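I'd like to ask you about the structure that follows.
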Amino acid sequence: MQNRIDQLFAKKQHGVLNIYCTAGFPQLNDTLPVMTALQQHGADLIELGMPFSDPLADGPVIQDSSTKALQNGMSLHKLFEQLSGFRDRIQVPVILMGYFNPVLTYGVEAFCAKCAEVGVDGIIVPDLPMAEYENEYRPVFEKYNLHLIFLVTPETSEERIRKIDSLSKGFLYAVSSSSTTGKDKDMGDQQAYFERLKKLQLSNPVLIGFGIKDKATFEAASAHANGAIIGTAFIKAIEHSQNIDETVKTFISGIIQQ
Amino acid sequence: MDIAINTGNSRYQVDKNGYYGRFGGAYIPEMLYPNVAELQSRYLEVLSDPGFQQEFEDLLRDYVGRPSPLYFAKRLSEKYKAKIYLKREDLNHTGAHKVNNTIGQILLAKRLGKHRIIAETGAGQHGVATATVCALMGMECVVYMGSIDIERQAPNVARMKMLGATVVPATSGSKTLKDATNEAIRDWINNPVDTHYILGTAAGPHPYPDMVARFQSVISEEIKKQLLEKTGSEDPNYVVACIGGGSNAAGAYFHYLDRENVKLVAVEAGGKGVHSGFSAATTQLGTIGIIHASKTLLMQTNDGQIVEPHSISAGLDYPGIGPMHAHLYESGRAQFLSATDEEALAAAYELSLLEGIIPAMESAHALAKLKDLTLQPEDVVVVCLSGRGDKDLDTYIRHMNK
């Protein structure tokens, strides 16, 4: 079967909305209800965070959600338990995002096999460097038809972007500025960088992440790429939610026209 | 003195990919790539520059007070029936070996055109050593320190502030050293252009473990010369050092790594006992994983979550170990022991009474294992006395009153 991420980009090249949420947050068993609501109300892609004790690339909001999820009892084993059978209800592509240590400890091949079994389509591991992926882990990810999605930043050289593009599958995750998640930086400064990315005519679609929080920033990002990723703003929205479905509906309708 | 540059074909030095055996590497997010790649491509060139070496050497001599003495501990030797020498890193300016590395790294930062320095600290020794060199060079200094450590190490926080540093509490996770390190790394991600991160131990992404080891290698460089003068041989039978991340051990072992006649002994913090659930004995309790961008041994749950360690000594209270040491452990090159909180306290009292030297709690762990080595009267043992005990007086007083 063709990877669901590729299927998505084959039919939609503009305004792709990817929403990040931490698994097991705000409550342990909210993972599936949040995913269901995201699909229901118009997210094109779901990026599910695997909580980690030491999330280096994340700002305070996502860190706190990670800590909370771990306190709720979330773990990789628990996550795969929750995801078992989720494809009966959810058809949009699902990406797991997390740090390399838990994956390494779970066993890279066992992890990939489990992802394929439950129906996960892609993985983002910000601290798995390109060289290590290429030398050691690429065949395993490919064997299970899992797309590994790499990050690029405004400081990434053209040569390196091309190399990352050649190793990536699914899409490229363009960090809108050099920062941890949830930082407010001026999108205007990033325009030149997005234009530069566009001109490179990369083989993968590009989604812009970090700093996207509302309709204006989503549209600005979408004008320069295939779409954008929202994380911190969504975590803030559902943190104290009494009604997940209603909160997700309100949040997404504030971003895109139905 | 010179900074060791040629790694040659050593089995124990870093390889060209930044690994020691299967440990090491740079598991960094892409946002850190330009900074880390710049260090990787330039650190050896800068360190081998004669102008750099001269400046480093001058500061170590005139500002730090090197060479630090190698002291023959007569009464301690009588007690353990061997020839015991103490490498007196406690006599350095700022009171520990940490300053060797901060001097080296601030000179490097200047050459890389950086204006702002960040650092992590646990007990505050590395923070103080960093704040000191920043004052010396007139650079902005931000030190991340766990909010729990800020409470329990008030005098060092005051020292850093007096030296002009901004001390930022790390309030994430367990609010101690590992979290302070996370915060420093996050700061670096957000300030990629003008900032250099002075990491304090022989851990973190390549090239830090190797770079820190090279700056600290002045310790074994001096031991060789001093022992030759005192005993007629550069080589002792044993070099003993405590290990948290492993910077003083890396420096004390450095020039002996390939001299397999010299036994290397590493002492980890056993806490309340290795299997008590309150320990920092990483090689005994750890498994392979990634911590602070390095593949090494670390304490973690079955789910790959990093565990908070315990030690009476804040400087050894770290759930990982530098990749060079993980390799020395796995290859069998170094012998790894652990000392409990109680053993370390007893050793600190013993050294105070026998030699008139109050050691740092960390260094006391190394001293605590003299009793467990099978020593011959002719054996020459060098113990790295990594720091002085002033900062630990509260702990010592509390123990005295028990």
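What you see is a predicted model; the values in this text were computed from it and never measured. Keep in mind that the numbers below use all heavy atoms, side chains included, and drop hydrogens, waters and symmetry copies.
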- Task: Check each atom of B:Tyr33 against the heavy atoms of chain A and say whether the ones under 4.5 Å are side chain, backbone, both or neither.
- Result: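 It is the side chain, since no backbone atom gets that close.
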
- Nearest-0.5 Å distance that lies between atom NZ in B:Lys178 and atom CG in A:Asp54: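 Nearest 0.5 Å value for the NZ-CG distance: 3.5 Å.
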
- Taking the side chain as every heavy atom from C-beta outward, state whether B:Glu30 and A:Arg160 have any pair of such atoms under 4.5 Å apart.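 A side-chain contact exists here, since the closest heavy-atom pair is under 4.5 Å.
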
- Residue selection (most heavy-atom pairs with chain A, distance under 4.5 Å) from B:Pro29, B:Ser172, B:Gly304, B:Pro205: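 Heavy-atom pair counts peak at B:Gly304.
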
- Message: Report which part of B:Ala26 has an atom under 4.5 Å of a heavy atom belonging to chain A: side chain, backbone, both, or neither.
- Response: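 Backbone only.
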
- Query: Which atoms form the tightest heavy-atom contact between B:Asp303 and A:Pro102, and what is the distance?
  - Reply: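 Scanning both residues, the minimum pair turns out to be O-CB, 3.6 Å.
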
- Message: Is B:Thr287 in contact with chain A via its backbone, its side chain, both, or neither, using a 4.5 Å heavy-atom distance?
- Response: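 B:Thr287 has no heavy atom closer than 4.5 Å to chain A.
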
- Message: Donor-acceptor pair, distance only, cut-off 3.5 Å: does the side chain of B:Gln305 make one with the backbone of A:Ser53?
- Response: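 Yes, the answer is positive, given that a donor and an acceptor are paired below the 3.5 Å cut-off.
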
- Measure distances from B:Leu32 to the heavy atoms of chain A and classify the residue's part below 4.5 Å as side chain, backbone, both or neither.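 Neither part.
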
- Just wondering, more than 12 heavy atoms not from A:Phe86 lying within 6.0 Å of its CZ?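 Counting neighbours around CZ of A:Phe86, more than 12 heavy atoms of other residues, nucleotides or ligands fall under 6.0 Å, so yes.
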
- Query: Does A:Glu132 come within less than 4.0 Å of B:Lys295, counting only side-chain N to carboxylate O?
  - Reply: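 B:Lys295 and A:Glu132: not salt-bridged.
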
- Query: With a 4.5 angstrom heavy-atom cut-off, which part of A:Pro55 approaches chain B: side chain, backbone, both or neither?
  - Reply: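 Contact with chain B: backbone and side chain both.
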
- Query: With respect to chain A, which residue among B:Asp179, B:Asn302, B:Asn182 yields the maximal number of heavy-atom pairs within a distance under 4.5 Å?
  - Reply: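 Highest number of pairs under 4.5 Å: B:Asn182.
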
- Query: With only heavy atoms counted, which part of A:Phe52 is less than 4.5 Å from chain B, the side chain, the backbone, both or neither?
  - Reply: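 It is both, since atoms from each part get that close.
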
- Task: Could you tell me whether the side chain of A:Asn101 and the main chain of B:Ile306 form a donor-acceptor pair under 3.5 Å?
- Result: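 No: the side chain of A:Asn101 does not pair with the backbone of B:Ile306.
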
- What is the minimum heavy-atom distance between B:Ile189 and A:Leu56, and which atoms define it?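 The pair with the smallest heavy-atom distance is CD1-O, 3.8 Å.
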
- Task: Indicate yes or no for a side-chain donor-acceptor contact from B:Arg186 to the backbone of A:Asp58 under 3.5 Å, with no hydrogens or angles considered.
- Result: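 Indeed, once roles are kept as given, a pair shorter than 3.5 Å links the two residues.
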
- Query: Checking A:Leu104 against chain B: side chain, backbone, both or neither under 4.5 Å from a heavy atom?
  - Reply: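 Side chain only.
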
- Message: To the closest 0.5 Å, what do you measure between CG (A:Asp64) and OG1 (B:Thr171)?
- Response: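 These two atoms lie 8.0 Å from each other.
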
- Query: Checking A:Met74 against chain B: side chain, backbone, both or neither under 4.5 Å from a heavy atom?
  - Reply: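 Contact with chain B: backbone only.
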
